[in-house]
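Just below is one structure, and these are the notes that go with it.
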Amino acid sequence: PIQIVTNLVAMSGFNETPELIASEIKISQMSGIRAAKKIRFSLQELLNYFELHPDLSGPKAAELSTQFHGRLAMPWTCLVVVLLALPFGFLPGRRNVVAGFGVAIVLVFAFLFFTRIALALGTGGHVPGFVAGWLPQLLFGGGGFWMLKRCA
């Protein structure tokens, strides 16, 4: 018989992949302060970590849930900014355009500030991660949609 030599070791007791282990290492090095400042993990890394730790609870669960939902909600930020700014483009008159532009800029900065506050509250465990990630988009997006509908 022909014997094939490979560099793979098959062990029935271990089912972790290198990606799961890499996610574990990266997330275990996270500190609460760094997590509150910025979303640092990809969705795949978070899903891998949740797969390794299905019964996760406590502060680590709050931080990672907030990171997960913040990452999911992030692409909707562009739509929310457009919904906030667009109604002010419909104001008639030259003077109103400048005032509308100023108000739109203030609203967008308020949205971004509120997003950071919500993520910090979620990371600290004060609000659920789902709420922290999605509330700014829903609140400001709904307000922008309402203003747009009112202008049209």
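Bear in mind the structure is a predicted one, so any value in this text is a computation, not a measurement. Below, each value reflects all heavy atoms present in this structure, side chains not excepted, and no hydrogens, waters or symmetry copies.
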Leu138-Phe68 co-clustered via ILVMFWY side chain contacts under 4.5 Å: yes
More than 12 heavy atoms from other groups under 6.0 Å of CH2 on Trp134: yes
Within 6.0 Å of CZ in Phe114, more than 12 heavy atoms from elsewhere: yes
For the student: nearest non-hydrogen atoms of Lys60 and Tyr49, plus distance: CE-OH, 3.6 Å
Cluster check Leu79, Leu72: I/L/V/M/F/W/Y, side chain < 4.5 angstrom: yes
Between CD on residue Glu51 and CD on residue Gln44, distance to nearest 0.5 Å: 8.5 Å
Spacing of NE2 belonging to His53 relative to CG belonging to Asn48, to within rounding of 0.5 Å: 10.5 Å
Nearest atoms (heavy-atom pairs only) where Ala62 meets Gly125: CB-CA, 3.8 Å
Path from Ile105 to Val80 over hydrophobic side-chain contacts below 4.5 Å: no
Steps toward side chain to side chain contact (heavy atoms under 4.5 Å, CB included) verdict (Phe111, Thr77): CA-CA 9 Å; Phe111 165 66; Thr77 300; 3.5 Å; yes
Side-chain touch Leu107/Met147, heavy atoms, less than 4.5 angstrom: yes
Flag if over 12 foreign heavy atoms under 6.0 Å of CZ, Phe50: yes
Val106-Val82 co-clustered via ILVMFWY side chain contacts under 4.5 Å: no
Distance (rounded to the nearest 0.5 Å) between Leu47 CG and Arg71 CZ: 11.5 Å
Thr66 side chain reached by Phe130 side chain, heavy atoms, under 4.5 Å: no
Atom of Leu84, atom of Pro87 and distance for their closest heavy-atom approach: O-CD, 3.6 Å
Residue pairs involving residues 97-108 (criterion side-chain hydrogen bond (donor to acceptor under 3.5 Å, both in side chains); sequence neighbours excluded): none
hydrophobic_cluster_shared for Phe113 and Val127, side chain cutoff 4.5 Å: yes
Inter-residue atom distance Leu43.CG - Gln67.CD, 0.5 Å rounding: 10.5 Å
Closest heavy-atom pair and its distance - Leu119, Gly70: CD2-CA, 4.1 Å
Taking every non-hydrogen atom, the tightest pair across Ala73 and Gly133: CB-O, 3.1 Å
Distance, nearest 0.5 Å, that separates CD of Glu63 from CG of Leu56: 9.5 Å
Nearest non-hydrogen partners of Ser65 and Gly129, listed with the distance: OG-CA, 3.6 Å
